[in-house]
Asker: 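Sharing a structure here in structure tokens format.
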Amino acid sequence: MLVSVFLALFLPCVGMSAVFLVYLCLLWYAATYNHGENHQQEFQSPVKPLKKMGLSESDLDKLPKVAGKDLVMGSECAVCLDEIGDDEEARLIPGCNHGFHLQCADTWLSKHPICPVCRAKLQPELFNPPETNPC
């Protein structure tokens with residue numbers, strides 16, 4: 001009886017110890033051999049370069065600013081869904097003439113180069129007008 005109690009306690013401990021040792025060996029192997037591959041990947045350039053989708057700060061400065069009372073297409077900001085006050089500065093999107101709070105428009109346009117209302121794309125010609133001939 002003493003032998004069966006000893007085996008009942010000893011065998012599970014030996015089995016769990018063996019599983020733990022195998023686990024430690026696998027961790028060591030993964031840390032040793034995968035580290036070199038990850039290290040080389042850190043210095044490789046990405047396959048496809050990331051491009052910025054929105055407008056730059058200099059492009060945003062080229063867009064017209066108007067007072068809220070001068071908006072012709074309505075005074076509700078489609079970004080925050082709040083009314084644009086008559087004395088508040090608003091950003092006007094050229095072409096479609098939709099207006100938004102200055103900060104709302106700049107936040108939106110810095111991420112998306114399109115009008116939030118009609119989805120009209122802001123063309124590069126808006127920011128780099130052709131040079132006029134003074135003659």
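Note that these values count all heavy atoms, side chains included, but never hydrogens, waters or copies made by symmetry. Computed from a predicted structure; not experimentally measured.
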Asker: To the nearest 0.5 Å, what is the distance between CG on L81 and SG on C104?
Answerer: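 The SG atom of C104 is 9.0 Å from CG of L81, to the nearest 0.5 Å.
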Asker: To the nearest 0.5 Å, tell me how far L122 CG sits from L55 CG.
Answerer: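 Nearest 0.5 Å value for the CG-CG distance: 6.0 Å.
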Asker: Apply the hydrophobic cluster definition, ILVMFWY joined by side-chain contacts under 4.5 Å directly or through others, and give me every member besides I84.
Answerer: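 Joined to I84, directly or through intermediates: V66, L71, L92.
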Asker: Are any non-hydrogen side-chain atoms of L63 and L109 less than 4.5 angstrom apart?
Answerer: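 A side-chain contact exists here, since the closest heavy-atom pair is under 4.5 Å.
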Asker: Could you list the cluster mates of V22? Members are the ILVMFWY residues connected by side-chain heavy atoms closer than 4.5 Å, either directly or through other members.
Answerer: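 L26, all in the cluster of V22.
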Asker: Give the cluster check for I93 versus V79: same hydrophobic cluster or not, with ILVMFWY residues linked at side-chain heavy-atom distances below 4.5 Å.
Answerer: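 Yes: a chain of side-chain contacts under 4.5 Å links I93 to V79.
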Asker: What residue pairs, at least two apart or across chains, pass side chain to side chain donor-acceptor pair (under 3.5 Å) with a residue in residues 70-87?
Answerer: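 Matches after skipping sequence neighbours: S75-E83.
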Asker: Enumerate the residue pairs fulfilling ring-ring contact (aromatic ring centres under 6.0 Å, His included) with a member in residues 85-107, sequence neighbours excluded, ordered by first and then second residue.
Answerer: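 Residue pairs with at least one partner in residues 85-107: there are none.
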Asker: Under the rule for side-chain contact (heavy atoms from CB on, under 4.5 Å), what residues qualify as partners of Q103, not counting sequence neighbours?
Answerer: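 With sequence neighbours excluded, Q103 shows a side-chain contact (heavy atoms from CB on, under 4.5 Å) to T107, given in chain and number order.
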Asker: Within the distance-only criterion (no hydrogens, no angle test), does the side chain of W108 pair as donor or acceptor with the backbone N or O of P113 below 3.5 angstrom?
Answerer: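 Side chain of W108 to backbone of P113, a donor-acceptor pair under 3.5 Å: no, none is there.
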Asker: Applying salt bridge (Lys or Arg N to Asp or Glu O under 4.0 Å) as the test, list every pair that has at least one member in residues 90-100; sequence neighbours left out.
Answerer: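 Every salt bridge (Lys or Arg N to Asp or Glu O under 4.0 Å) pair that includes a residue of residues 90-100, provided the two are not neighbours, is R91-D106.
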Asker: State the SG-CZ distance between C96 and R119, to the nearest 0.5 angstrom.
Answerer: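 Here the interatomic distance stands at 11.5 Å.
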Asker: Give every donor-acceptor pair under 3.5 Å between a side-chain atom in residues 7-14 and any protein atom, sequence neighbours left out.
Answerer:
none

Asker: Under the ring-ring contact (aromatic ring centres under 6.0 Å, His included) rule, collect the residues that match up with F20, sequence neighbours excluded.
Answerer: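 F20 satisfies ring-ring contact (aromatic ring centres under 6.0 Å, His included) with no other residue.
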